[in-house]
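None of the values given here were measured: they were computed from a predicted structure. Side chains included, hydrogens not; waters and symmetry mates left out as well; all remaining heavy atoms used.
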Amino acid sequence: MSSDGIYIRQYRPSDLPQIRDLLFEGFATSEGSIVDAGRRRAPFMRTSILAYLLGAAGLFLFSQSERRMSVATGVAALLCIAGIALFVAARREISHFVQQICEDALASDMRDITAHYCAPGGTFLVAARPYACDKGKMYGDAQPEGEAILGYVGLEYLPEKNPETADVRRMIISAKYRRQGLATQLMRVIIAHSKTLPRLRYLTVGTSDLQPAARRLYQGLGWELTSTEPIGNWLATRMYWSFRRPVDIPTQTYAAVGLPESE
């Protein structure tokens, strides 16, 4: 346990409600989430540029029209409306796309985390902190029992399909605890765990261009970019980055933190 009470342990089924909430927080609702980053970048997307061009064309056509009720004026109005609608649709598509990612996760690998991740070789780790560590700071006399889940990550290892490769998935950190090294600690524990699997040779992980901090984290811990591909539809196309890391990178470079036993 660290000086601020944070520790890393194995997932327990009782964690699931907080795991679900944190998934939506990390991907969709918090400052710095994928949706937040996508909305901030929306003005520079190709669809937004097209929207600007449509609006500009409409304004230009309107300025050249001699009569306010002419056909040219009507076309100009339609162009402006189309530009505005396209810009709004692109922003909404980002939210819809990320929301669907969260729903799909909860319906697939996160539906039963123990069965999917905690089979022989795989693991699902959470970073937790007892609520008691915040006594007198956040809750006053109504101090809840238990612990808060601050982040998590899973190692999906399916040796019957591919004994040489495991996929690091669902890395999420609570917005309040980002940029404090917690993601690095979780990844180092995952890396240390992977070294105990004799047939495993590579770890893979993926992220999007809306998560530059994740890319820096992975590359700083030895992952190399292997491919990029577009995701989403024409309204809000983004790039998905895939990384791979050999398991046998020297441990003195990527030292692991200790993993307390699950309670």
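Residues V168 and M187 share a closest heavy-atom pair of CG1-CE, 3.8 Å. The nearest pair of heavy atoms linking A166 to L200 is N-CD1, 3.4 Å. Across all their heavy atoms, P130 and G5 have their closest contact at CD-O, 3.3 Å. Scanning both residues, L23 and I172, for their nearest heavy atoms gives CD1-CD1, 4.4 Å. The two atoms that bring N162 and Y157 nearest to each other are O-CE1, 3.9 Å, heavy atoms only. Considering all non-hydrogen atoms of both residues, P159 and R199 come closest at CB-NH2, 3.5 Å.
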Checking side chain to side chain contact (heavy atoms under 4.5 Å, CB included) for the pair S174/L22: CA distance, chi angles, key distance, verdict? CA-CA 7 Å; S174 172; L22 196 52; 3.7 Å; yes
Under the criterion side chain to side chain contact (heavy atoms under 4.5 Å, CB included), I'd like the reasoning laid out for V189 against V153: C-alpha separation, chi angles, the key distance, then a yes or no. CA-CA 10 Å; V189 176; V153 65; over 6 Å; no
List the steps and the verdict of side chain to side chain contact (heavy atoms under 4.5 Å, CB included) for Q180 and L150. CA-CA 11 Å; Q180 298 182 31; L150 313 180; over 6 Å; no
Working note: L203 + V247, criterion side chain to side chain contact (heavy atoms under 4.5 Å, CB included); need CA distance, chi angles, decisive distance, verdict. CA-CA 6 Å; L203 296 176; V247 170; 4.1 Å; yes
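At least one side-chain heavy atom of T207 sits less than 4.5 Å from a side-chain heavy atom of F243. Looking only at side-chain heavy atoms (C-beta outward), I6 and Y177 come within less than 4.5 Å of each other. A 4.5 Å side-chain heavy-atom check between Q99 and F24 finds at least one atom pair inside the cut-off. R9 is listed as a side-chain neighbour of D15, based on a closest heavy-atom distance under 4.5 Å.
Here the CZ-CD1 distance, from R188 to I8, works out to 10.5 Å after rounding to the nearest 0.5 Å. Here OH of Y218 is found 13.0 Å from CG of L225. Values are rounded to the nearest 0.5 Å. Atom CG of residue L217 and atom OG1 of residue T184 lie 5.0 Å apart, to the nearest 0.5 angstrom. The CD1 atom of I173 sits 4.0 Å away from atom CG of L182, with the distance rounded to the nearest 0.5 Å. Atom CD of Q10 is separated from atom NE2 of H193 by 7.5 Å, given to the nearest 0.5 angstrom. Here CG of L106 is found 6.0 Å from CZ of R20. Values are rounded to the nearest 0.5 Å.
Within the 3.5 Å criterion, the main-chain N or O of F97 finds no donor-acceptor partner in the side chain of Q100. Between the side chain of E147 and the main chain of A128, no donor-acceptor pair closer than 3.5 Å is present. Under a 3.5 Å cut-off, the side chain of W223 and the backbone N or O of R215 do not form any donor-acceptor pair. A donor-acceptor contact shorter than 3.5 Å is absent between the side chain of T165 and the backbone of Y202. A donor-acceptor contact shorter than 3.5 Å links the side chain of Y152 to the backbone of I19. A side-chain donor-acceptor contact under 3.5 Å links E25 to the backbone of A175.
Applying the salt bridge (charged side-chain N to carboxylate O under 4.0 Å, His left out) test to every pair with at least one member in residues 97-112, sequence neighbours left out, gives these pairs: D109-R169, D109-R170.
Hydrophobic clustering (ILVMFWY, side-chain heavy atoms < 4.5 Å, transitive): L158 and F124 are in distinct clusters.
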